[in-house]
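These notes are about the structure you will find just below.
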Protein chains: 2
Amino acid sequence: MIIRIDLQSETPIYLQLSNQIIENMANGNLKPGEEVPSIRSLAADLGINIHTVNKAYSLLKQKGLLTMHNSRGIVATRSHTEEDEKNMSSVKKALRPIIAESICYGFANIQLKKIVDELYKDIKGGKINE
Amino acid sequence: MIIRIDLQSETPIYLQLSNQIIENMANGNLKPGEEVPSIRSLAADLGINIHTVNKAYSLLKQKGLLTMHNSRGIVATRSHTEEDEKNMSSVKKALRPIIAESICYGFANIQLKKIVDELYKDIKGGKINE
DNA sequence: CAAATGATATATTATATATATAACATTTGT
DNA sequence: ACAAATGTTATATATATAATATATCATTTG
């Protein structure tokens, strides 16, 4: 799993980290059941603090995407279908202001869905660019 | 233009404010060329500080959605088509992590585009909920 | 000329982010 | 039994962001 942190970015490190782990889960680089690097080892590899990694992992745990096993490592998880409603409302809440902004920019509904379609395929394709 | 600030929210006030102004521009409550409340009056109405309103307005100005006229008020703006590329890349950058997260939740491409479609119509419809 | 405007400056408080150590209980491998 | 590695938690420090309180300035409007 490739992770790259930009210390100059205005996006907090723990968010960059959790976002990139999510991308790795989305494109299949990190599959459900597979182990994630330990907090200490990842912090050492990236040259950042343990607590920063811990914060990112806690966020993913809260989203139901990671499961901590008592002193035995951390494993990628796919949240259950019972949580679909919760996940759905979380996604909608995040999407809403972006879609509103797109409307202000004059982007049509079809145009916006085309962008979503492209991003969806691009992420699943496994590109980690931007 | 109706604006409601939640002081308990974890979303910063200036972001709540700019997001709601954007929604009002998206649903037609605030049309291009129309005046926006002055910084002082809006701050007084909402019971928040001048600088917080100023920060929200500056953000919208930076997005090309507001234009300040020297000591003569602030006006809603539709950013020009020449900036489409910039706006597009801005929207994509914001959308990417949310779509990746949706994929982790097991949401299909069609399902996601349906959500976008619903939100698009809901925002244009003018609902200001949650 | 007074009033209102956006812009700017300084200061203070509170919260968020990131780091540095340290310690704890649990699990794993020897 | 023991050492090593794990996730968890606690404390402390430094910096950045968010929000507030005053205040001043040039410009525009009535």
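Proteins come first, then strands; the chains are lettered A, B, ... in the order of their sequence lines, and each starts at number 1.
At the heavy-atom level, B:Ile50 lies nowhere under 4.0 Å from the strands shown. Looking at heavy-atom distances under 4.0 Å, A:Asn70 makes contact with sugar-phosphate atoms alone, never a base.
Proximity of A:Tyr14 to the phosphate of C:dA18: no side-chain N or O atom is located under 4.0 Å from OP1 or OP2. Taking side-chain N and O atoms only, B:Arg72 has no distance below 4.0 Å to OP1 or OP2 of D:dT27. For C:dA7, one of the phosphate oxygens OP1 or OP2 lies less than 4.0 angstrom from a side-chain nitrogen or oxygen of B:Lys61. Note on B:Lys55: every side-chain N or O is 4.0 Å or more away from OP1 and OP2 of D:dA19. Remark: B:Thr52 is not in phosphate contact with D:dA19, judged by side-chain N or O atoms under 4.0 Å from OP1 or OP2.
The distance from atom NZ of B:Lys55 to atom CD1 of B:Ile13, rounded to the nearest 0.5 Å, is 11.0 Å. Atom CZ of B:Arg78 is separated from atom SG of A:Cys104 by 5.5 Å, given to the nearest 0.5 angstrom.
Here C:dT26 presents its C1' atom at 14 Å from CD1 of A:Ile74, a figure rounded to the nearest Å. Atom-to-atom, CE of A:Met68 to P of C:dT26 comes out at 18 Å; the value is rounded to the nearest Å. Spacing between atom CD1 of A:Ile5 and atom P of C:dT17 amounts to 15 Å, rounded to whole angstrom units. Residue B:Leu7 contributes atom CG, which lies 16 Å from atom P of D:dA18 at whole-angstrom precision. For the pair A:Leu42 CG and D:dA5 P, the computed distance is 17 Å after rounding to whole Å. Following rounding to the nearest Å, B:Asn49 (CG) and D:dT17 (C1') show an atom-to-atom distance of 15 Å. C:dT5 atom P lies 13 Å from atom CG of B:Asn54, rounded to whole Å. One interatomic measurement links the two molecules: CG of A:Leu59 to C1' of C:dT17, which rounds to 14 Å at whole-angstrom precision.
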Salt bridge (charged side-chain N to carboxylate O under 4.0 Å, His left out) between B:Lys113 and B:Asp117, worked out: CA-CA 6 Å; B:Lys113 282 188 284 188; B:Asp117 193 70; over 6 Å; no

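A donor and an acceptor atom sit less than 3.5 Å apart, one in the side chain of B:His51 and one in the base of C:dA9. One donor-acceptor pair, N or O on each side, does fall under 3.5 Å between the base of D:dG7 and the side chain of A:Arg40. Side chain B:Ser71 to base D:dT27: a donor-acceptor pair is found below 3.5 Å.
Considering B:Ile123, B:Asn27, B:Ile22 in turn, B:Ile123 is the only one that fulfils the side chain to side chain contact (heavy atoms under 4.5 Å, CB included) rule with A:Ile103.
Residues A:Ile48 and A:Tyr14 fail the side-chain proximity criterion, which asks for heavy atoms closer than 4.5 Å.
Nearest-nucleotide mapping onto DNA chain D: of A:Glu10 and A:Ser38, the residue sitting toward the 5' end is A:Ser38.
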